[in-house]
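Following: one structure in structure tokens, then a few remarks.
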Amino acid sequence: MNKKIIIIGSGVSGLVAGSYARMNGFETEIFEQHNLPGGLCTTWKRKDYLIDGCIHWLFGSAPGTTLHRFWEELGAIEGTEFVFHEELTRIETGTFDNKKTFIIHRDADKLSAHMKELAPEDSEEIDYLIGMRKRLSTVDMTFEKPMALMGMKDFQHIMKSMKPIWKDYKALKKLSLNDYSQRFKSPHLRDGIRRILDIPEFSAFAMILLLSCLYNKTAGFPVGGSLNFIQKVEKQYRERGGKIHYSSRVDSIIVKKNRAVGIKLTDGTEHFADIVISAADGYSTIFKMLKGRYINHSIKKYYKSMPLFKPFFYLSLGINRDFSAEPHMSVHLTQKPFELEGFTCDHFGFKHYCFDPTLAPKGKSVVEILYSSDYNWWLKLKNDKKSYTAAKKKIADTLIGELEKLYPGITKDIEVIDTATPLTFERYTGNREGSYEGWLLTPKTMGLTMKKTLPGLKNFYMAGQWVHPGGGLSLVMKGSRDLIWQICHKEGKEFRTRPPDGFEQAGPSKAVRNLP
Ligand SMILES: Cc1cc2nc3c(=O)[nH]c(=O)nc-3n(C[C@H](O)[C@H](O)[C@H](O)COP(=O)(O)OP(=O)(O)OC[C@H]3O[C@@H](n4cnc5c(N)ncnc54)[C@H](O)[C@@H]3O)c2cc1C
């Protein structure tokens with residue numbers, strides 16, 4: 001008889017685990033607290049506008065890469081058109097009265113020429129950066145097998161394929177973007193590089209890797225948006241007979257004799273299986289659903305002191321104005337500093353989505369302004385609805401005020417104002433402090449391998465962004481694929497990436513939508 005797996009959460013990691021588990025003949029049931037799949041990978045409708053809350057770039061968007069093949073296995077790619085931008089972003093650097101615009105061109109040679117024009121004194125460092133970006137784009141860093149199941153031959157293969165970039169990795173692995181920016185003499189380039197993601201502690205190597213994926217067009221935006229993209233994965237999972245229960249919040253994991261045997265929902269019902277995978281928030285899984293009974297020193301340390309991707313304050317606007325002639329993403333210095341959440345800010349980032357005609361009616365635009373927010377600042381307002389609503393409005397008004405200075409008259413064209421705070425992200429997805437990618441990718445966490453099991457607990461695994469520092473859709477997708485492969489290995493099964501013959505006739509099953 002086939003073993004049964006219960007999966008908590010239908011974010012990308014839960015759906016991917018479910019999908020590969022079905023391909024390998026396991027019975028599967030996913031329990032999701034929300035009434036939709038996707039978790040953080042989502043979009044929402046406001047009047048005529050579809051607001052995208054996730055994908056800026058999806059690694060594996062282009063054929064020829066291993067990640068692309070994995071997305072194909074999951075049914076995510078077929079019929080999906082991707083947009084590849086010619087610019088990552090434009091960043092104003094320096095001061096408002098003495099500013100320059102640093103354009104991060106996709107094309108490496110164009111970027112090189114532009115940087116040298118901005119800072120001829122940094123030519124040598126620019127050549128090194130561009131060379132590295134080109135070298136990185138020649139290497140496919142996703143490997144078929146899970147690391148845990150690799151033998152000597154596999155490691156030799158990895159060493160060989162990584163050879164062109166090994167020196168670069170060694171030179172940069174200990175540097176944050178802030179450290180790396182110091183290698184440039186020009187204050188404009190220093191400023192621009194530090195602020196590419198507005199996370200100065202972010203790993204410099206990871207940033208250059210992102211640039212190289214943009215350069216060789218392997219990280220694009222799926223037309224139709226994030227929810228549409230992930231719904232394809234959900235559809236294939238269900239067509240292959242996978243079950244999914246929405247509006248079903250897991251309260252606890254049922255453990256008997258240190259073995260996970262099932263889950264209890266908040267409505268009191270219990271469900272049993274041979275294996276339980278939590279693809280939900282790590283802290284809630286370990287310290288709430290399992291009451292902190294299965295931890296060790298490393299786990300305590302991670303949850304006490306490892307930095308997180310700070311959550312966003314996310315302002316989305318539906319605007320009756322066509323922005324398609326404007327750069328899709330830009331960071332602007334403001335004439336005067338302005339106040340947000342009690343701190344002063346002298347710049348703001350702006351993005352429009354006119355490159356995807358499905359998100360707004362013709363001639364109109366979806367615009368997004370976001371910044372790294374302070375979870376604890378919002379937490380203080382959690383139980384005071386009036387102050388919370390007033391704070392959201394005040395910040396939205398401030399940011400719209402700045403946008404008005406950039407695009408005079410814009411305020412009267414705004415048809416939709418939508419705000420999401422760290423508490424919104426926390427409430428909708430359960431992620432700790434509303435973090436959008438889990439553990440921050442710093443020089444210290446880069447390459448850190450976290451265990452997907454908990455000490456002393458059998459038949460239980462974790463998937464998703466809380467066991468893969470850096471998070472992101474492709475990394476957690478690969479992590480869930482690896483996990484099912486490891487479970488197959490343990491069960492003495494050969495890992496399959498398609499269902500067994502005749503298997504597809506079993507579906508499609510209907511999603512079970514419990515009312516909240
Ligand atoms: C604004 C934004 C931009 C981003 N941009 C990108 C990008 O450009 N590229 C990229 O690759 N990644 C991006 N990401 C990150 C990416 O979306 C996440 O890393 C990824 O979606 C995490 O997937 P996950 O399955 O691990 O977690 P989640 O998506 O958080 O899924 C967890 C699921 O578990 C459910 N759950 C939680 N608790 C319970 C419970 N008790 N019972 C039942 N269900 C529960 C949640 O509702 C959720 O559906 C972005 C994220 C955001 C928010």
Side-chain angles (χ1 to χ4, degrees), residues 6-18 29-43 51-61 67 71 88 197 210 213-214 219-222 225-227 229-230 233-234 244-253 263-267 271 277-285 288-290 308-316 329 351 368 370-373 420 422 424-432 434-439 441 462-480 483 514:
I6 278 181
I7 298 163
I8 307 169
S10 73
V12 63
S13 58
L15 289 170
V16 170
E29 284 191 58
I30 299 179
F31 291 83
E32 165 59 48
Q33 63 175 4
H34 200 9
N35 59 5
L36 280 174
L40 289 161
C41 184
T42 197
T43 41
I51 293 167
D52 200 279
C54 186
I55 301 177
H56 292 74
W57 35 77
L58 179 84
F59 296 99
S61 314
L67 281 173
W71 286 121
L88 168 64
L197 289 179
L210 166 64
C213 292
L214 298 170
F221 177 88
S226 300
L227 181 60
F229 171 77
I230 208 68
V233 179
E234 190 240 26
I244 186 155
H245 304 262
Y246 288 106
S247 304
S248 300
R249 185 175 161 74
V250 175
D251 173 70
S252 52
I253 292 163
I263 50 155
K264 185 175 177 182
L265 300 184
T266 47
D267 67 7
H271 302 263
I277 296 175
S278 177
D281 170 61
Y283 183 85
S284 316
T285 301
K288 293 183 181 164
M289 295 179 208
L290 286 163
L308 311 183
F309 277 94
K310 280 182 84 178
F312 288 134
F313 179 88
Y314 207 88
L315 170 67
S316 305
M329 207 159 147
K351 177 172 175 174
E368 153 205 301
L370 54 80
Y371 64 86
S372 290
S373 179
T424 322
F425 285 100
E426 184 183 50
R427 192 169 62 248
Y428 276 96
T429 67
N431 279 293
R432 191 176 186 211
S435 177
Y436 64 96
E437 278 195 17
W439 308 114
L441 205 55
M462 285 174 68
Q465 63 180 16
W466 297 98
V467 283
H468 296 284
L473 297 158
S474 306
L475 191 64
V476 305
M477 175 271 277
K478 161 78 168 119
S480 288
L483 174 62
N514 296 329

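Quick note: residue numbers are just sequence positions, from 1. Read the numbers this way: they start at 1 and go in the same order the structure lists the ligands and their atoms.
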Within a distance under 4.0 Å of any heavy atom of Asn431, pick out the atoms of ligand 1 and give their elements. 30 (O)
Consider ligand 1: state whether an atom of it lies below 4.0 angstrom from any non-hydrogen atom of Met289. yes
The protein heavy atom nearest to atom 42 (N) of ligand 1 is Val250 N, 2.9 Å
Judged by non-hydrogen atoms, does Phe59 sit under 4.0 Å from ligand 1? no
For atom 17 (O) of ligand 1, what's the nearest protein heavy atom and its distance? Cys54 SG, 3.1 Å
Using a heavy-atom cut-off of under 4.0 Å, does the side chain or the backbone of Phe312 touch ligand 1, or both, or neither? side chain
Protein contact to atom 48 (C) of ligand 1 [nearest heavy atom, distance to 0.1 Å]: Glu32 OE1, 3.5 Å
Which of the numbered atoms in ligand 1 are below 4.0 angstrom from a heavy atom of Leu473? 10 (C), 11 (O), 12 (N), 21 (O)
Under 4.0 Å from one or more heavy atoms of Gly39, ligand 1 contributes atoms 29 (O), 48 (C), 49 (O)
Main chain of Cys54, side chain of His56: is a donor-acceptor contact present, judged purely on distance under 3.5 Å? yes
Mind telling me whether His271 and Phe31 have parallel, tilted or perpendicular rings, with 30° and 60° as the class edges? tilted
Does Ser474 form a side chain to side chain contact (heavy atoms under 4.5 Å, CB included) with Trp71? I'd like the steps, not just the answer. CA-CA 9 Å; Ser474 306; Trp71 286 121; 3.7 Å; yes
Measuring only between side-chain heavy atoms, which start at C-beta, is Arg432 closer than 4.5 Å to Trp466? yes
When you measure from the side chain of Glu32 to the backbone N and O of Ser10, does any donor-acceptor pair fall under 3.5 Å? yes
If we number the atoms of ligand 1 from 1 as shown, the ones under 4.0 Å from a heavy atom of Tyr314 are 1 (C)
With rounding to the nearest 0.5 Å, note down the distance linking NZ in Lys310 to OG in Ser435. 11.5 Å
I'd like to check His34 versus Thr42 (side-chain heavy atoms, cut-off strictly below 4.5 Å). Are they in contact? no
Per-residue contact class, Ala279 against ligand 1 - non-hydrogen pairs under 4.0 Å: backbone
Answer with side chain, backbone, both or neither: which part of Leu58 has a heavy atom less than 4.0 angstrom from an atom of ligand 1? neither
Gln465, His34, Lys288: member with heavy atom nearest to atom 20 (C) of ligand 1: Gln465
So is Gly471 polar-close to ligand 1, meaning N/O to N/O under 3.5 Å? no
Mind checking the CZ-CG spacing from Phe229 to Leu58? Nearest 0.5 Å is all I need. 4.5 Å
Are any of the heavy atoms in Ser248 under 4.0 Å away from ligand 1? yes
Do me a favour and list the nearest non-hydrogen protein atom to atom 2 (C) of ligand 1 with residue, atom name and distance? Gly53 O, 3.4 Å
Within a strict 4.5 Å, meaning less than it, do heavy atoms of the Val12 and Ile230 side chains meet? yes
Should the pair Tyr436 and Phe312 be assigned to parallel (<30°), tilted (30 to 60°) or perpendicular (>60°) ring geometry? parallel
When Ile8, Ile277, Ile253 are each screened for side-chain contact (heavy atoms from CB on, under 4.5 Å) with Thr285, the one that passes is Ile253
Near Tyr428, which atoms of ligand 1 are under 4.0 Å from a heavy atom of that residue? 47 (O)
Mind checking whether Gly38 has a heavy atom under 4.0 Å from ligand 1? yes
What protein heavy atom lies closest to atom 24 (P) of ligand 1? Include the residue and the distance to one decimal. Ser13 OG, 3.5 Å
Provide, to 0.1 Å, the distance between atom 38 (N) of ligand 1 and the closest protein heavy atom, together with that atom's residue and name. Ala280 CB, 3.6 Å
Report, in ascending order of atom number, the atoms of ligand 1 lying under 4.0 Å from any heavy atom of Phe31. 43 (C), 44 (N)
Under 4.0 Å from a heavy atom of Arg249: which atoms of ligand 1 are those, numbered in the order shown and with their elements? 41 (N), 42 (N)
Is the closest side-chain heavy-atom distance between Tyr314 and Thr424 below 4.5 Å? no
Can you list the atoms of ligand 1 that are under 4.0 Å from a heavy atom of His56? 3 (C), 5 (N), 7 (C), 8 (O)
Output the distance between atom OG (Ser480) and atom CG (Leu15), rounded to the nearest 0.5 Å. 9.0 Å
Donor-acceptor under 3.5 Å (Ser226 side chain, Cys41 main chain): no
Mind checking whether Trp466 has a heavy atom under 4.0 Å from ligand 1? no
How close does the nearest protein non-hydrogen atom get to atom 46 (C) of ligand 1, and which residue and atom is it? Thr429 O, 3.3 Å
Euclidean distance, Leu40 CG relative to Ile55 CD1, rounded to 0.5 Å: 11.5 Å
Of the side chain and backbone of Ser284, name the one, both, or neither that has a heavy atom under 4.0 Å from an atom of ligand 1. neither
For atom 31 (O) of ligand 1, grab the closest protein heavy atom and report residue, atom and distance to one decimal in Å. Gly11 CA, 3.4 Å
So, regarding Trp57 and ligand 1 (criterion: nitrogen or oxygen to nitrogen or oxygen, under 3.5 Å), is there a contact or not? yes
Residue pair Asn35, Ser247: steps toward the side chain to side chain donor-acceptor pair (under 3.5 Å) verdict: CA-CA 5 Å; Asn35 59 5; Ser247 304; 5.2 Å; no
